[in-house]
Amino acid sequence: MDYASLPSPQAGMIPRALTATSVGITVRVLKDLGITQRPEGQTIIGAAILDDVLGLIVLAVVAGSATGAASTDGCSIFAIAAIVLKAVGFLGGVVVLGHFVSAKIVRAVGHEHGMFLIVGVALCFTFAYLAELIGLADIIGAFAAGVFLDPYGVGIRTRTAEVTLRELLTPLTEVFVPLFFVLMGLQVDLRSLADPSALTLGGVLIVCAVIGKLACGLGVVGRGVRRLSVGIGMVPRGEVGLIFAGIGTRVMLDGQPILAQSVYSAVVLMVLLTTLITPIGLRWVFRK
């Protein structure tokens, strides 16, 4: 396959997967190392969240471009601008609304742990549905639901116990997160990895994924913050990269997914390697 000749929606999905940063994996590694509250840890978490917000907007443009390219109207610069404004408006509106409403929701149901969990999950599905309803990816709505309930990012707690919504969701995540990774892995056709072009693309993606994030660490200007540690902390793509790759296999263009099986396998290989090397790299940097 000649990857240089990929149509724009296909070519746009590959760098989108490279842009992603797994906040969950990064936070877990930082917690295990006990450096979450250090300047490097705070910088990595803040940059990863901002990275994902920008990435969601790019995803909306890529998915919208594929839809527009498949229609008779095509996908003009005005259509792309409309998609960007739609995504920014949706996320911005949810953030503003969350500042005024989230505290009231917590006060209304915070004394019941079960109700607190149900409301959180229900809002996740509701916002995901609303995002798809206006032509955006469902992950944008799910992300918006988290921002809506916790606009300050401090971890909302119930009135009667020191427990956050994240902690209430732990039993669900322990069951469904491994299933998600298994499902994504099952979609990889091992025969495609025998294709030299797929392995070559995977190797190029890994190199670009590592070098790109290390280069981003050079932009750190805070005094006493190790630039190398920030760059390494941004390397893992994890579940975020897999989600975007999965969306690429579902979005159709001319009756074909915008990510071919060989390309999807190469992206999964990149996600796997970047996720595995990050804990090793961070431990090495902070021990040094």
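Values in this document were obtained by computation on a predicted structure and should not be read as measured data.
Of all heavy-atom pairs spanning Ala266 and Ala198, the tightest one is CB-O, 3.6 Å. Considering all non-hydrogen atoms of both residues, Ala245 and Val267 come closest at CB-CG1, 3.8 Å. A pairwise comparison of heavy atoms in Val230 and Ile44 identifies CA-CG1, 3.7 Å as the closest pair. Between Thr173 and Pro178 the shortest heavy-atom distance is O-CD, 3.5 Å. Considering every non-hydrogen atom in both Ala145 and Cys124, the closest pair reads CB-CA, 3.6 Å.
Contact check for Phe127 versus Phe90: side-chain heavy atoms found under the 4.5 Å cut-off. Put simply, the side chain of Leu169 does not reach to within 4.5 Å of the side chain of Phe176, judged on heavy atoms. Between Leu91 and Val147 the shortest side-chain heavy-atom distance does not fall below 4.5 Å.
Following chains of ILVMFWY side-chain contacts shorter than 4.5 Å, one can reach Ile140 starting from Ile134, so the two form part of one hydrophobic cluster. Linking ILVMFWY side-chain heavy atoms closer than 4.5 Å, directly or via other members, places Val88 and Ile139 in a single hydrophobic cluster. Phe143 and Val95 fall within a single hydrophobic cluster, where Ile, Leu, Val, Met, Phe, Trp and Tyr side chains are chained together by heavy-atom contacts under 4.5 Å. A continuous path of Ile, Leu, Val, Met, Phe, Trp and Tyr side chains, each step under 4.5 Å between heavy atoms, connects Phe125 with Leu123, placing both in one hydrophobic cluster. Side-chain heavy atoms closer than 4.5 Å link hydrophobic residues (I, L, V, M, F, W, Y) into clusters, and following such links, even through other members, never connects Ile280 to Leu33.
Every salt bridge (charged side-chain N to carboxylate O under 4.0 Å, His left out) that Arg38 has, sequence neighbours left out, goes to Glu40. Partners of Tyr264 under the ring-ring contact (aromatic ring centres under 6.0 Å, His included) rule, at least two apart in sequence or in another chain, do not exist in this structure.
No donor-acceptor distance shorter than 3.5 angstrom exists from the side chain of Ser102 to the backbone of His99, with no hydrogens or angles considered. With hydrogens and angles ignored, the 3.5 Å screen pairs no side-chain donor or acceptor of Arg227 with any backbone N or O of Gly219.
Other residues, nucleotides and ligands contribute over 12 non-hydrogen atoms within 6.0 Å of the CZ atom of Phe180.
Atom-to-atom distance recorded for Ile211:CD1 and Leu18:CG is 11.5 Å, nearest 0.5 angstrom. The CZ atom of Phe148 sits 4.5 Å away from atom CG of Leu97, with the distance rounded to the nearest 0.5 Å. From Thr170, atom OG1 reaches atom CG of Leu117 across 10.0 Å, with rounding to the nearest 0.5 Å. One finds the CD1 atom of Ile243 at 9.0 Å from the CG atom of Asp138 (value rounded to the nearest 0.5 Å). To the nearest 0.5 Å, atoms CZ (Arg283) and CD1 (Ile232) are separated by 12.5 Å. To the nearest 0.5 Å, atom CZ of residue Arg237 and atom OG1 of residue Thr21 are 6.0 Å apart.
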Let me check something: any side-chain donor-acceptor pairs from residues 269-278 under 3.5 Å, sequence neighbours excluded? List them with distances.
from, atom 1, to, atom 2, distance (Å)
Thr274, OG1, Met270, O, 2.9
Thr274, OG1, Val271, O, 3.1
Thr275, OG1, Gly238, N, 3.3
Thr275, OG1, Val271, O, 2.7
Thr278, OG1, Thr274, O, 2.8

